[in-house]
Structures are given as structure tokens and as C-alpha cells.
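Worth knowing before you read on, the calculation uses all heavy atoms, side chains too, and leaves out hydrogens, waters and symmetry mates. Below, chain A is the first sequence line, B the second, and so on; all start at residue 1.
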Amino acid sequence: MIALINTSITTPILRYGRYQFDCYISSLQNSHAVAQQLFDETPLKQHNQMLFHYSRNGQTPEALNLFLSLYRSGLSPTKYTMSCVLNVCARCFDGRVGEHVHCQCVKSGLVHHVCVGTCLLDMYMKTGNVRNGRRVFDEMGHKDVVSWTAVISGYLLNGGTVEALKVFSQMKREGVKPNGFTYSAILAVTHGVFISEILAEVIKTNNDKLSNVGAALLRGFITMGNIHDAGKVFEQIEPKNIVAWTAMLVGYAQAGETDEAAKIFHQLTKEGIKPNEYTFSSMIKACTAPAASAELGKQFHACAIKMRFNNHLSVSNSLVTMYAKRGDIDSAHEVFKRQKERSLVSWSSMISGYAQHGQAKKALEVFEEMLNRNMEMDAIAFTGVLSACTHAGLVNKGEYYFNVMINDHHINPTMEHYSCMIDLYRRAGMLEKAMDIVKNMPFHPNAGVWRILLAASRVHHDMKLGKLAAENIISLEPQDAAGYVELYNMYAAAGNWHDAVNVKKLMHERKVKKETGYSWIEVKNKTYAFKSGDSYHPLSKHIYSKLSELNIRLKEAGYQPDTNSVVHDIDDNEQKETILSHHSERLAIAFGLIATLPDFPIHIVKNLRVCGDCHNFIKLVSLVEQRYIVVRDRKRFHHFKGGLCSCGDYW
DNA sequence: CTAGGGTTAG
């Protein structure tokens with residue numbers, strides 16, 4: 001676990017002097033009479049600047065405390081004060097804080113200023129109160145392009161696509177000219193298809209080098225998976241602001257190119273642009289990619305601390321997920337524990353983190369704490385707790401939470417929730433119950449569900465189900481090799497070579513390729529990649545001889561290779577064993593054993609799931625070599641120790 | 001006068 005720097009004290013950079021700042025802080029920290037007097041004598045303008053500073057830095061509690069002191073001391077807030085504090089309220093989860101400020105705005109008459117009105121409607125929209133947001137907007141005497149844009153993005157934020165588009169056209173009808181911000185917002189719903197249309201309109205109306213729309217266009221291309229055109233748009237944006245840089249960074253991150261994302265980060269700082277919380281949370285998220293080094297994530301954490309962004313909610317939330325995904329669940333919890341305020345996202349990040357590590361008990365504890373605090377719940381929070389139950393085989397608990405979600409929280413189960421339940425029953429061997437859900441849920445099963453059923457068919461030797469699942473996977477996701485391979489193996493096993501050959505032909509015609517399995521291991525700050533049977537590593541010879549040595553020792557300890565995991569069309573059992581024994585994770589582990597000291601834990605990251613035989617193999621390695629081995633596969637973590645795995649062979 | 005809208009995290 002890394003040592004976290006104490007971040008509870010932040011020193012803002014102020015326009016006024018150090019002395020005044022110290023007085024300021026003391027006035028906030030104790031209710032000492034002298035300090036209070038100092039507070040009262042400080043001009044309102046400086047309080048406002050301080051408030052602005054807090055709001056810009058995401059220091060929500062500080063900002064609200066300051067506003068409260070201001071209110072208590074009898075100073076009358078200005079429209080500037082209100083704008084700032086409403087901006088802060090927009091990020092609160094308790095909408096009542098904002099409502100209170102709303103009352104103050106009405107009483108003082110400040111509500112009639114455009115800025116205050118806009119902040120108010122924005123606050124309601126961001127806290128999910130669309131009705132009040134709309135009402136404030138309708139009652140505004142004077143509306144400008146900013147107010148219109150705020151309503152549009154407010155609707156979009158709350159899923160009101162149709163209303164957003166309506167407001168967009170109404171605005172144009174009333175003669176208000178959309179600007180870059182407006183296009184930027186509306187582009188989020190136009191899904192690529194309209195990109196060229198909007199682009200034409202943008203060029204016609206705002207001939208200003210894509211400055212504000214650029215980032216939105218860029219995002220459009222990225223969601224279409226077109227990083228090339230995204231890059232071209234990026235080049236055209238001039239000057240490039242932080243939003244544009246962040247959008248480009250996200251583009252590379254989504255394409256799995258963590259190093260390119262990091263390059264963008266360094267480039268923007270070199271150009272004198274200051275990264276903000278969006279940049280940091282995006283960059284830290286990029287560090288969770290399987291091929292990214294664990295060091296990189298820590299470096300950006302350190303960087304965030306240095307630049308004082310670590311206390312921003314989105315940043316600390318992304319840190320929780322980053323550490324969890326990097327296998328360091330303790331650091332994830334440490335960040336979570338130190339969060340001054342936590343949102344729904346914070347709690348669900350922690351729950352999913354524990355779930356991925358198979359620590360179901362802790363996941364449920366955190367979830368129960370959330371329930372006790374009467375926090376608002378959403379579908380994703382329940383996905384976290386259900387997946388914890390699934391990974392640990394807690395059938396009763398899973399059923400219980402599923403019902404709580406529907407009956408107490410009135411959340412409609414999504415496909416994800418049904419998948420969890422199907423997987424939960426399937427792993428527990430309750431195939432009939434799993435099938436009941438498949439038949440009765442209001443969705444057509446997606447490829448994910450069929451993959452679960454495919455796994456079930458293998459365990460239960462249910463050929464009929466296997467065939468059905470494989471065929472559905474092929475039709476739903478024609479580029480996924482799993483269905484073809486399974487179907488081929490089934491035909492081959494039954495001696496039906498005619499159909500087997502046809503499957504192979506189809507696969508060939510469609511250019512379907514099995515995703516290459518990679519395993520990564522980090523040794524002395526360097527990441528090494530291995531793929532099955534490769535010999536690129538300079539120590540390759542030693543790695544393979546270590547593997548043969550291990551094989552002999554493991555067989556003495558009772559290891560029997562399970563060649564059923566091999567999906568190749570090979571008859572020779574010995575050949576199958578060889579393929580198994582050279583799976584990428586084994587190469588990585590063998591290298592880890594050679595290259596690190598005996599008490600050093602070995603961390604492996606895989607892009608695919610670990611196969612049953614490798615799982616057995618690693619368990620025994622952890623026993624005979626007395627090593628702690630952590631494997632992160634596509635879905636979750638396995639902590640191997642003394643011949644056992646944290647997943648309890650339940651994955 | 002300053003301030004409000006656009007990107008981000010599970």
C-alpha cells in the first residue's frame with residue numbers, strides 16, 4: 001500500500017496577502033470573538049473571492065460553511081455571491097441546500113438577475129429536479145444564450161433528449177443565436193450521424209476555429225470509434241483550451257492507448273495549460289487499462305496531490321477505482337476513507353472494488369452502510385452489490401437485494417441486473433432458476449447472457465443449450481470467436497465433421513479472429529507483455545525451463561492438466577498439454593518467479609479470463625513456491641496464497 | 001466590474 005500524503009489542509013493561492021489569509025482561516029476555524037470580528041470587518045468582496053475560489057476547487061464543505069458564516073453575520077450577499085454558492089449547491093446531493101439558497105434569492109430580489117436565474121435553474125437540473133429547473137427558466141424575465149444552453153444541457157443530463165431538442169429549436173425560433181457551448185451540448189445527442197450537419201452549421205454561424213464546439217465534435221468522432229478524425233479536429237482547434245485537451249486525452253484512453261493519453265497530459269502542461277479535475281479524473285481512469293503500468297496511476301495520484309486536485313470528488317472517485325483495478329484494494333479503501341464528502345459514485349466504486357476482489361463481506365458492509373445512511377440509490381449501486389453476491393455465490397443475499405431494489409427503491413432492473421442473477425444461479429448450479437429468468441425477463445437475452453449459458457452448458461454437458469447459446473452469440477456478435485469455437489468443438493466431439501468444417505469456413509469468411517490473450521507483469525518499473533507460447537523475452541529460455549521444472553514439481557503435488565480447457569482442434573493429448581503449459585499467464589508468472597525476490601508478491605494482469613487449468617496451476621504454484629500471486633483477469637481479481645484462491649474456485 | 005452554460009468519475 002502506498003503512503004498517502006495528508007491532504008486535509010489546502011493552501012489556496014490568493015490574490016490578497018498572506019496575513020489576511022491567515023486571519024481568514026482562523027475566523028473560519030474557531031468562533032473566537034476576535035476572529036469573528038475580523039470576519040465581520042473583512043469586505044464582502046474578499047469573502048466573495050474566497051467563495052469563488054472554493055467553488056472552483058470543489059471544496060464544497062468549505063464553501064457552504066463560508067456562506068453560512070456570511071449569512072449569520074448579517075452581510076447581504078450580492079448576485080456574485082449567489083452565483084458562486086449556487087454553483088456549489090449544484091454539486092450537492094441534497095437538493096434542500098439549494099432550495100434554501102433559492103429562498104434567499106427570492107427574498108433579496110437577486111433572483112431577477114440573469115446570472116442568478118441561470119445558476120438557479122442549472123442547480124435544479126444538476127440535482128435532478130427538472131420540474132423546478134424548468135419553472136425557474138419559464139419565470140425568468142430576461143433570458144440569454146447561457147440560460148437557454150443551461151436548460152438544454154439540464155434536460156440532456158436528466159435523459160430528456162426530446163425536450164432538449166425542442167428547446168434548441170424554440171431558442172432559434174425566438175432569435176437567440178446558439179454559440180459554441182450550445183452546439184457542444186446538443187452534439188451529445190446527435191450521435192455521429194448529424195456531426196457533418198452540425199459541423200456545417202457551426203462553420204456557417206461561428207467562424208471561430210472550432211474553439212468551443214471543437215471538443216464536442218471531437219467527442220462525436222470518438223464515440224464513433226474514429227480516433228483519426230478526432231485527431232484532425234483537434235489540430236484545427238485554436239486556441240486549444242483545457243476542454244479540448246481533455247477530450248483528446250479521453251479519446252486515446254478509450255482507444256486503450258494509455259501512453260498516448262499520458263503524452264497528451266504532459267504536452268498540455270508543457271504548453272502552459274492548467275489541467276483541471278476533468279483532466280485528472282480522465283487520466284486516472286486511463287491508468288486502469290490492463291496494459292497500463294501500476295506506477296503510472298500512482299504518479300498521477302501524486303501529481304493530483306501536488307496540484308491540489310485530489311480532493312475533487314470525481315478525482316478521488318477515479319482513484320478508488322484505479323487502485324481497486326490495479327489490485328491494491330487497501331489503497332482504494334484508504335482513498336475512500338479519506339474522502340471528505342462522498343457521492344453515490346464514491347460508494348458504488350468501493351462496493352464494485354470489493355466485489356471484483358471477491359471480498360463480498362466487505363462489499364455488503366459498505367452497501368449496508370449506504371442503506372443505513374438513507375442515501376439515494378441507483379441502478380449501478382445495485383449492480384455492484386449483486387455482482388459481489390455473484391462472485392461469492394451468495395444466492396440468498398443476491399435474491400434479497402434484487403427484491404429490495406425493485407420493491408423498496410422502485411428501480412427497474414436493467415439487463416445488467418438480470419445478467420447478475422442468471423450468473424448467480426448458474427454458478428450455484430441452479431440452471432433451472434437461471435433459465436426461468438432468461439424466459440421471463442423483459443429483455444431479449446444479449447450476447448453476455450448467452451455466454452453465461454454457454455458456460456453453463458459446458459459444466460452440465462447440455463449439448464442442446466450449448467448449441468442454442470453458440471448460435472445466438474454468433475448471430476448477435478458475429479465477430480466474437482467464442483460461439484464459433486464452441487460450436488466447432490461440439491460438432492467435432494460428436495464426429496459431425498461436415499458441420500464442423502462449415503463453422504470453420506464461416507469463421508474464415510467473416511474474418512473472425514480469437515482475441516489474442518496477453519498477460520502483463522511489472523518488474524522494476526518496467527512492464528513485460530507475454531502471449532501464449534511466445535519467446536520474445538530475452539530470458540525466454542530460462543522462463544521455459546522454469547515452467548518445466550514447475551510442471552514436474554506440481555505433478556508430484558498432484559496436479560493433473562485438464563485438457564478440456566484447450567479449444568484447439570488437436571487430438572494429441574500431449575500437444576494439448578504443451579499448449580496449456582505455455583499459456584501467457586504462466587510465462588509471466590515464471591518470469592516473475594525468476595526476476596523477483598522470494599517474498600515479493602507477483603501481480604499479473606490479463607486481458608482475457610483465466611482458464612480453469614491455469615487457475616489450478618497457479619493455486620499450486622502459490623503453494624510449492626510459497627508466493628503470493630495476484631491475477632487480474634477480464635472480470636475480477638484472484639488472490640492466490642498457500643494453494644488457495646480468494647475466489648474460492650467460484651468465478 | 002467579477003459571475004452563469006460546454007468535458008469527468010461508479
Report task. Please determine, for the side chain of A:Asn241, which listed nucleotide (B:dG5, B:dG6, B:dT8) has the closest atom? Result -> B:dG6
Query raised in the report: So what does A:Thr81 hit on the nucleic acid, given a heavy-atom distance under 4.0 Å: a base, only sugar-phosphate, or nothing?
Result: nothing
Query raised in the report: Would you say a side-chain N or O of A:Lys126 is under 4.0 Å from OP1 or OP2 of B:dG6?
Result: yes
Query raised in the report: Hey, are A:Glu368 and A:Arg373 close enough for a salt bridge, meaning a charged N less than 4.0 Å from a carboxylate O?
Result: no
Query - Presence of A:Ser153 side-chain N/O under 4.0 Å of B:dG5 phosphate oxygens OP1/OP2 - result: no
Report task. Looking at every strand, decide which applies to A:Val151 at a 4.0 Å heavy-atom threshold: base, sugar-phosphate, or nothing. Result -> nothing
Query raised in the report: Does the ring of A:Tyr278 meet both stacking tests against the six-membered base ring of B:dT8: centre distance under 5.5 Å and plane angle under 30°?
Result: no
Query - Touch class at under 4.0 angstrom, heavy-atom based, for A:Asn276 against every strand present - result: base
Requested in this report: List in numerical order all residues of residues 341-371 of chain A for which some heavy atom is under 4.0 Å away from an atom belonging to DNA chain B.
Outcome: A:Leu344, A:Val345, A:Ser348, A:Ser349
Query raised in the report: Are any of A:Lys79's side-chain N or O atoms less than 4.0 Å away from OP1 or OP2 of B:dT2?
Result: no
Query raised in the report: What do you reckon, do A:Phe52 and the base of B:dT2 stack, with centroid distance below 5.5 Å and planes below 30°?
Result: no
Report task. Taking the six-membered ring for Trp and the full ring for Phe, Tyr or His, determine whether the centres of A:His47 and A:Phe67 are under 6.0 Å apart. Result -> no
Query raised in the report: Less than 6.0 Å separating the ring centroids of A:His312 and A:Phe309?
Result: yes
Query raised in the report: Taking the six-membered ring where the residue is Trp, are the ring centres of A:Phe137 and A:Trp148 under 6.0 Å apart?
Result: yes
Query raised in the report: Residues two or more places apart in sequence or in another chain: which of them pass ring-ring contact (aromatic ring centres under 6.0 Å, His included) with A:Phe367?
Result: A:Phe382, A:Tyr401
Report task. Tell me what A:Thr321 touches on the nucleic acid: a base, only sugar-phosphate, or nothing, going by heavy atoms under 4.0 Å. Result -> sugar-phosphate
Query raised in the report: For B:dG10, does OP1 or OP2 lie under 4.0 Å from any side-chain N or O of A:Asn317?
Result: no
Query raised in the report: ring-ring contact (aromatic ring centres under 6.0 Å, His included) with A:Phe234: which residues, sequence neighbours excluded?
Result: A:Trp245
**Report entry** Interatomic distance where CE belongs to A:Met375 and P belongs to B:dG10 [whole Å]
**Finding:** 16 Å
